[in-house]
Amino acid sequence: MEKIYCKYHPAAPARWHCPSCRVNFCMACAEPDTGRVEPTCPLCGQRTTSLGAGNLIRPFWQRIPRFFLFPAHVIPLLFILVLAGLSMLVSGSLFGMLFMLAINIVFFKYAFVILEDTAQGYLEPRPITKSVISDELELPLKQLLLIFFIGTLNYKVLQYFGLGPFFITVFMSVVAFPAAIMVLAVEHSFFRALNPLMILVTIKRIGMSYFIMCLFLALLLSGAAVASDILTTVLPQKLWFASSNFINMYFILIMYNMMGYVIYQYHEQLGHSVTEAYLESETGGNKAVSDPRFRHIDILLQEGKTAEAEQKLVRAIKDNPGEFDAREKLHRFYIATHNQKGLMQHSADYIMRLLHTNRPSEAMRIYLEASHIASQLKPGGARERHELAELLKTNGQSRAALSLLNNLHQEFPSYEGIPGAYLLVAQIMFEYFGEEKKALQVLDFLKKKYAGHPFLKDVEEYRQVIEKMTTASQPSA
Ligand SMILES: [Zn+2]
Ligand SMILES: [Zn+2]
């Protein structure tokens with residue numbers, strides 16, 4: 001009964017086990033390929049074995065508060081409030097008693113629906129439709145018949161065999177009753193619910209937990225009785241009747257919800273098929289575990305198999321170059337491992353991609369992070385370097401902008417944007433580093449090399465700006 005948890009997500013119950021690695025995986029870590037039942041092990045690639053779906057389901061004794069809160073959901077709460085309100089109309093006449101019976105039948109029909117829904121794995125109350133209350137109304141009647149039958153049986157034992165045997169059969173009836181209700185809910189058959197063999201098999205398959213459940217049910221029953229008792233002393237009779245009905249219904253819904261959950265928890269042992277694999281987790285949903293596309297990589301990284309993880313990421317990017325999440329992951333990996341070579345190759349390419357898809361600020365972030373470790377890193381294209389340099393300059397990263405444009409004309413002699421790029425260099429030199437001589441040298445170089453280029457007008461204008469400002473700042477004689 002001990003739960004097994006995922007090695008990589010200690011809060012998540014494990015679903016698969018790799019016998020050769022001796023590692024347990026949750027549903028997020030290993031997922032079956034289409035057409036297969038068991039997934040392959042993310043570490044060794046061999047087929048894993050199932051730990052049973054039951055391992056994913058939280059044992060019922062760990063979620064007792066949730067059972068108590070179940071009837072407090074809007075739908076069941078309103079439902080039993082209405083029924084309790086209607087019970088105020090009940091009088092002592094025959095008609096009144098029939099009316100009370102009708103209320104009880106409708107209520108127990110709803111209790112059975114909750115039991116069945118929970119047994120199917122629906123852990124939240126579903127909206128009440130007409131069919132919920134009116135279909136298969138014989139189910140609560142069968143339950144009534146069951147109670148009548150057991151009562152008669154016990155009475156006959158008392159009549160023919162005396163008090164001793166009577167106590168024994170009463171005890172046995174009480175213990176067997178929840179199992180009979182569970183069988184009735186699942187099979188909808190009165191005779192099966194009454195069949196001692198069916199009841200014994202159900203109890204045996206659930207095992208010790210069945211008796212724990214009985215204990216809880218007994219506590220709930222006495223809780224309801226105590227609460228009703230207290231109300232008799234404080235409330236007028238009419239009101240007491242309605243509120244005591246309300247309390248009883250509330251507690252019965254808790255009990256039916258719990259019995260349904262026990263079927264759900266032990267559905268594999270009971271041979272009961274479940275439609276909704278609703279997974280509860282302490283964090284409220286299993287989604288946050290990790291991006292399923294990278295779970296293998298996360299596991300490999302955690303196991304220190306970094307080369308393998310890197311290979312997988314490189315392959316993922318190769319197969320799908322527009323996969324930015326994989327690129328980001330690889331970039332992060334190279335940053336964390338201070339891998340200069342990796343950054344030079346991969347992150348430079350990543351920056352190109354980001355610029356091409358119009359994500360300039362992302363490109364700048366990647367460049368600044370990577371160039372911190374790999375100072376020689378530059379995107380592969382002249383246009384991209386130029387664009388990135390402009391961005392860096394406007395964002396106050398002038399030194400980084402300069403190093404990007406360094407020797408651009410030698411590396412990319414045919415790039416038609418050189419005058420624009422070098423004007424930027426001159427501006428940075430003059431405005432940020434106060435190097436007017438160097439700035440003028442750059443402008444001279446442009447004038448000589450790119451005579452007739454339409455950009456030279458701007459170059460000439462900027463030269464005049466520098467000259468004007470330097471003469472203005474010189475002390476007049
Ligand atoms: Zn996991
Ligand atoms: Zn393995």
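For ligands, and for the atoms within them, numbers begin at 1 and follow the listed sequence. The structure presented is a predicted model; accordingly, all values stated were derived computationally and were not measured.
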Quiz item: Hey, what's the angle at the Zn ion (ligand 1) spanning SG (C29) and SG (C26), nearest 10 degrees?
Solution: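 An angle of 110° at the metal.
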Practice problem: Would you mind checking if E268 and R205 are paired as a salt bridge, meaning a charged N to carboxylate O distance below 4.0 Å? | Solution: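 E268 and R205: not salt-bridged.
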Self-check item: N, O or S atom within H9 nearest to the Zn ion (ligand 1), by name
Solution: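 The H9 atom nearest to the Zn ion (ligand 1), restricting to N, O or S, is ND1.
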Exercise. Could you label the plane-to-plane angle of the F324 and Y350 rings as parallel, tilted or perpendicular, counting under 30° as parallel and over 60° as perpendicular?
Key: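 Rings of F324 and Y350: tilted, as their planes differ by 30° to 60°.
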Practice problem: Would you please name every residue forming a side-chain hydrogen bond (donor to acceptor under 3.5 Å, both in side chains) with T129, sequence neighbours left out? | Solution: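 Scan of T129 (side-chain hydrogen bond (donor to acceptor under 3.5 Å, both in side chains), adjacent residues dropped) gives S131.
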Quiz prompt | Qualifying residues under ring-ring contact (aromatic ring centres under 6.0 Å, His included), relative to F67, sequence neighbours excluded | solution =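 With neighbours one apart ignored, the set is Y261.
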Quiz item: Roughly, to 10 degrees, what angle do C44 atom SG and C41 atom SG form around the Zn ion (ligand 2)?
Solution: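 Taking the Zn ion (ligand 2) as the apex, the two atoms subtend 110°.
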